[in-house]
Amino acid sequence: MSEARVTALGHAGLRVDAPGVRLLADPWLSPGGAFLGAWFPFPDNSHLLTPDLLDVDLVVVSHEHLDHLDLDLIAGLPAQIPVVIPRYPSTIMQRRLRAIGRTRAVVLDAWQRYPLGDDPDDWLTVIPEQCPMSHDAAVLIKVAGRSVLHTNDARISLAQTRRAMAEVGGEFDLMGVQMSGASWHPVRYEYDEAERERISTIKRIGKFKAVTRLLRSIQPRLVMPYAGPPCFLDDDLFELNSGLRPGGIFPDQGEALAWLAERLPQQPGVCLLPGDAVGLGDLEVFRDPHWQEFSLEAGVRERRRYLEAYAARRRPAIEAAWAANPLPAAGFAERFKAHFESLGTLSEYFLARIGMTVRFEVSGPGGGVWDAHIGPDRVWVELDGGEGHADYRLVLDGRWLDGVISGRTRWEELLLSLRFTARRQPDRYNDYLVGLLKHADRAALRAVERFEDARDPEETIEITVGGEQLQVGRFCPHAGEDLAETGVVVNGVLRCLGHNFEFDLTTGSCLNARCEPLVVRPAYISEAV
């Protein structure tokens, strides 16, 4: 091969081929799906799972989510193939890889180069998100004189992206952008249909706008939206699928590309289905003939028929997920209590910022109504709960919860599986609660505390609201996003497009989540005397 070529694997997966190197990035190809048999790639990419595709020199994986870290696929690769991963405060990725016998994990620090072959100009590196609350990273690849920025699920900043351009010596030949998030809010919350669609629209458009802003500044030679949507083939979740109703939270890559084409008409873009490829020299697109009879633009009936046939093919995998999570054994409630109270020993900092009651309504044998009182200084669980106020309420089948407390799965995998329903009173997001659950790791929680303690709340930017000049904190109090890049103002409210946190520009208070206030003050202009 005389030039570099990138092949889409579906979801966020890529294969990069160039003289002297073949690599897989975030491949998700195993037929078992992910997150308790809830997620599957859309469209079905199983035709790609061939010995030729897996004949590679290395694998790079951006983060631990199982739609990126395909453990079954990696376990089947020859032992000498290294797996390159970013360094995060938690070592969960290393432990998961060791559990499947992969001892050649290469852990990269941010911006550290990993050589690709013998040419010193061929390398890859990783770019983790600035805030350690989320363990996500982009992958930057320089090979055969061409460059690819593969953002995966990471919300990297404009400053990080500009540094990436400096690292490769100019514009990116291909930039992959994630435009369909993995969110259980609002789809699993007890909203009426109108409210669910309203919130979904805000979140979807917010994600689109954030990517549009980044691309407007970066202007790669070619942009490729990806990473969505997953599809849901279990009968319990089937109606969540994109394309079955308008206004959903999971747009597909065709919808994302149409948005970009309208807002950035001078920006070349491409929609690649699994097996489609693009040459990085002349940007020629090579279409996989597998998709001759398939279209993302097909109507609701066609999308439903496709998904129903796909679900029939994956029925054994879905049944296997249920079988792997049997009904809980005796002592379920007591094991839950011990597990949850142990979370209270991990971080005083997080407990002080949670301070709420989470009610678990658990169905099935050994279930019940259990109230977990979290913070401000300890955690305790009432197994005869149900009385009094609960800030969060989670309703779920005990078999899925038992998987978490027995160690078969993790809290974030349960939440991403969407195998629950939820309610909040008041309806305000608490990132510290979600962070405590998804990390459940002392080192990871301590890294968040150090990051937040180190921020300078006094650094400000100036904005104009209703003709008045204001100084506001430059960095979002939530995750440190640069509001000069990610802030939009609508009706006296500043919304950070990074995670859709909203701040009242009169008081600075966060309107839709538990979060420190934003610094807001008049912008006085001092006159020389």
The residue among H65, H439, H63 that forms ring pair (Phe, Tyr, Trp, His ring centres under 6.0 Å) with H135 is H439
With W370 as partner, the option from F336, F360, F340 fulfilling ring pair (Phe, Tyr, Trp, His ring centres under 6.0 Å) is F336
Charged N to carboxylate O below 4.0 Å: is that the case for [X] and [Y]?
X	Y	value
E255	R204	no
R198	E195	yes
E239	R304	yes
D26	R15	no
R424	D427	yes
R410	E64	yes
R353	D431	no

How close do [X] and [Y] get, counting heavy atoms only, and between which atoms?
X	Y	answer
S183	L418	O-CD2, 4.3 Å
S90	A444	CB-CB, 4.1 Å
P477	F503	CD-CZ, 3.6 Å
K337	V381	NZ-O, 2.8 Å
P186	S200	CG-OG, 3.3 Å
V270	P225	O-CD, 3.4 Å

Does [X] reach the side chain of [Y], with side-chain heavy atoms less than 4.5 Å apart?
X	Y	answer
L14	M224	yes
L296	Q253	yes
V83	L58	no
W322	D234	yes

Of F250, F40, Y306, F238, the one forming a side chain to side chain contact (heavy atoms under 4.5 Å, CB included) with C231 is F40
Across all chains, not counting sequence neighbours, the salt bridge (charged side-chain N to carboxylate O under 4.0 Å, His left out) partners of D192 are none
Worksheet item: Can you name the salt bridge (charged side-chain N to carboxylate O under 4.0 Å, His left out) partners of R287, sequence neighbours left out?
Response: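 So R287 forms a salt bridge (charged side-chain N to carboxylate O under 4.0 Å, His left out) with D276.
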Problem set entry | Candidate pair L346 and D441, rule side chain to side chain contact (heavy atoms under 4.5 Å, CB included), full reasoning | CA-CA 7 Å; L346 298 177; D441 180 279; over 6 Å; no
Apply side chain to side chain contact (heavy atoms under 4.5 Å, CB included) to residues R263 and L215 and explain how you reach the verdict. CA-CA 10 Å; R263 272 84 181 168; L215 291 173; over 6 Å; no
Practice prompt. Take L351 and I374, measure what side chain to side chain contact (heavy atoms under 4.5 Å, CB included) needs, and give me the verdict at the end.
Written response: CA-CA 6 Å; L351 293 188; I374 308 172; 3.8 Å; yes
Going by distance alone, is a donor N or O of one side chain under 3.5 Å from an acceptor N or O of the other, for [X] and [Y]?
X	Y	answer
H389	Q425	no
D44	S46	yes
R95	T91	yes
H11	N45	no

If we ignore hydrogens and angles and just use 3.5 Å, is the side chain of [X] paired with the main-chain N or O of [Y] as donor and acceptor?
X	Y	answer
T151	A154	no
D391	T357	yes
Q267	L264	no

- Message: For a side chain to side chain contact (heavy atoms under 4.5 Å, CB included) check, start with the C-alpha distance between I127 and L140, then their side-chain angles and the critical distance, and finish with the verdict.
- Response: CA-CA 7 Å; I127 312 169; L140 178 63; 4.2 Å; yes
Practice item. Determine, step by step, whether R305 and E308 satisfy the salt bridge (charged side-chain N to carboxylate O under 4.0 Å, His left out) criterion, reporting the C-alpha distance in whole Å, the side-chain angles of both residues, the deciding distance to 0.1 Å, and the verdict. Key: CA-CA 5 Å; R305 280 197 294 266; E308 287 173 347; over 6 Å; no
Do the rings of Y191 and H185 sit parallel, tilted or perpendicular, given the 30° and 60° boundaries?
perpendicular
Is the centre of the F420 ring less than 6.0 Å from the centre of the W400 ring?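 No.
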